2 protein chains.
Amino acid sequence: MADINDQISSAEPKKGGENRPDSRSPAAPPGVEPILLELTELLFFAYRDFICEPDAILAEFGFGRAHHRVLHFVNRHPGLRVADLLDILKITKQSLGRVLKQLVDEGYIVQRAGKEDRRERLLYPTERGKTLAAQLARSQLHRIAEALEDAGAGASQSVRDFLYHMVAPEDRASVTHLLASVTPQSGGDRSGS
Amino acid sequence: MADINDQISSAEPKKGGENRPDSRSPAAPPGVEPILLELTELLFFAYRDFICEPDAILAEFGFGRAHHRVLHFVNRHPGLRVADLLDILKITKQSLGRVLKQLVDEGYIVQRAGKEDRRERLLYPTERGKTLAAQLARSQLHRIAEALEDAGAGASQSVRDFLYHMVAPEDRASVTHLLASVTPQSGGDRSGS
DNA sequence: TCGTTTATGTCAGCCATGTTGACTTATTTT
DNA sequence: AAAATAAGTCAACATGGCTGACATAAACGA
């Protein structure tokens, strides 16, 4: 990457009354903890790089990030209803419908009517869907595992607590519920949050 | 939010040879640590909710997330070059150009030729830009501060280390450099980049 | 039983923001 | 003087959000 602030210009403002740069006064409300500003940017960079590797794989399949999110949650929480997915993704039915239809048409996800309420469409990954989901998850899980190692022993609990409390308070209960409703991955335990 | 897995259907597959659901076998490669899968989802939820409040403010100004990102980095790192911004955002010059032009035209950002290399356009927030940036940052900083409190004392260092190591290794140096090149927020010191 | 609500699907169109490719201008470097 | 670099711009296109309107099937309530 290129250097930043190679030259902080101290040149003349030369722009009428309005648009002066104000390059040397505080850029945010005074008194903000530096750590908060750092974490804001780190969260951006972390997320940016977290999704870039799956993107490359998805492109080969003609899919995008939206497909990844849908496939991920269906794979990890089989039996999810369409309404659940809408709550999770916080997008409209129409937006979801577009990508879900493609995943169903191409055999990555199947839908079955709910046993008790036959209006519901419960979503399940097919073998093909599980394979792609696993492929997409590989680099992401690896990156998280390494980052946890690099961050040291106690980090995982702190990170989990932090991220959990970054979730909007009104959604925490459902996130907790969702995380607790996971198909066992390898016989591991599944204690509530 | 709605319940999840209200009924895991055990109904008959009823779909020819291909698309069987496979609802009860592990959804990811066996042996993956549950914490890694949890953090994957928490990162999604945390980021989802981290950007939703600014989105509402931006909408009032006729701006979107792309404008937020540009304004944020220009505000916090005044004197940034266009090339730096491209490295940070990892988007194309044309994509950046579109939103940057709007921010300049509407008086949120000004550009000045570099003092040493006059081809460079150094970017600075105007007073108006700083005001909007601060307004956008408010809820985000507050959310992070609360999450850190909720996560307990030592969390901030762990979270910072974790997020830093989530950044692609080849970009870590520039992220470090960027974080160190910050305009003091409240009269703090400003060690050279 | 019948009317209403609910869960889902779908059509049509719009907007924001990402992409590629080609090209221009100003400036610095060689 | 020529080449490389920083930036800006035009055109066209793709993805994935959005709204509004409407259809269907199933469940529910009076």
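Because the structure is predicted, anything quoted here is derived from the model rather than measured. Letters go in sequence order (proteins before strands), and every chain restarts at 1.
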Quick test: give all pairs of protein nitrogen or oxygen and nucleotides 6-8 of chain D nitrogen or oxygen below 3.5 Å, distance rounded to 0.1 Å.
unit_1: dA7(D); atom_1: OP1; unit_2: V82(B); atom_2: N; d: 3.4
unit_1: dA7(D); atom_1: OP1; unit_2: R121(B); atom_2: N; d: 3.4
unit_1: dA7(D); atom_1: OP2; unit_2: A83(B); atom_2: N; d: 3.0
unit_1: dG8(D); atom_1: OP1; unit_2: Q111(B); atom_2: NE2; d: 2.8
unit_1: dG8(D); atom_1: N7; unit_2: K93(B); atom_2: NZ; d: 3.1
unit_1: dG8(D); atom_1: O6; unit_2: K93(B); atom_2: NZ; d: 2.4

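For R172(B), the side chain to side chain donor-acceptor pair (under 3.5 Å) test picks out no residue, with sequence neighbours left out. For R98(A), there are no salt bridge (Lys or Arg N to Asp or Glu O under 4.0 Å) partners two or more places apart in sequence or in a different chain.
Ring-plane geometry between F61(B) and F63(B) is classed as parallel, the angle between the planes falling under 30 degrees on a 0 to 90 degree scale with a further cut at 60. The aromatic rings of F45(B) and F73(A) sit tilted relative to each other, their planes meeting at an angle between 30° and 60°.
Residues from residues 50-59 of chain A that place a heavy atom under 4.0 Å from any atom of DNA chain C: there are none. Heavy-atom distances under 4.0 Å link DNA chain C to G64(B), R65(B), A66(B), H67(B), R69(B) of residues 61-71 of chain B, given in residue order.
With hydrogens and angles left out, the side-chain atoms of Q157(B) and R160(B) include a donor and acceptor closer than 3.5 Å.
Atom pair R98(B):CZ and dA11(D):P shows a separation of 13 Å (rounding to whole Å applied). Remark: P of dG9(C) and CZ of R118(A) are 14 Å apart, rounded to the nearest angstrom.
When every heavy atom of D49(A) is checked against every heavy atom of M166(B), the shortest pair comes out as CB-O, 3.9 Å.
OP1 or OP2 of dC18(D) has at least one side-chain nitrogen or oxygen of T92(A) nearer than 4.0 Å. For dT19(C), the OP1/OP2 oxygens have a side-chain nitrogen or oxygen of S95(B) closer than 4.0 Å.
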May I have the list of side-chain donor-acceptor pairs in residues 144-155 of chain A shorter than 3.5 Å, sequence neighbours left out?
unit_1: D150(A); atom_1: OD2; unit_2: H165(B); atom_2: ND1; d: 3.3

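Remark: the backbone N or O of G114(A) is not paired with any side-chain donor or acceptor of D117(A) at under 3.5 angstrom.
In the interface, the side chain of Q94(A) is not paired with the base of dG16(D) through any donor and acceptor atom under 3.5 Å apart.
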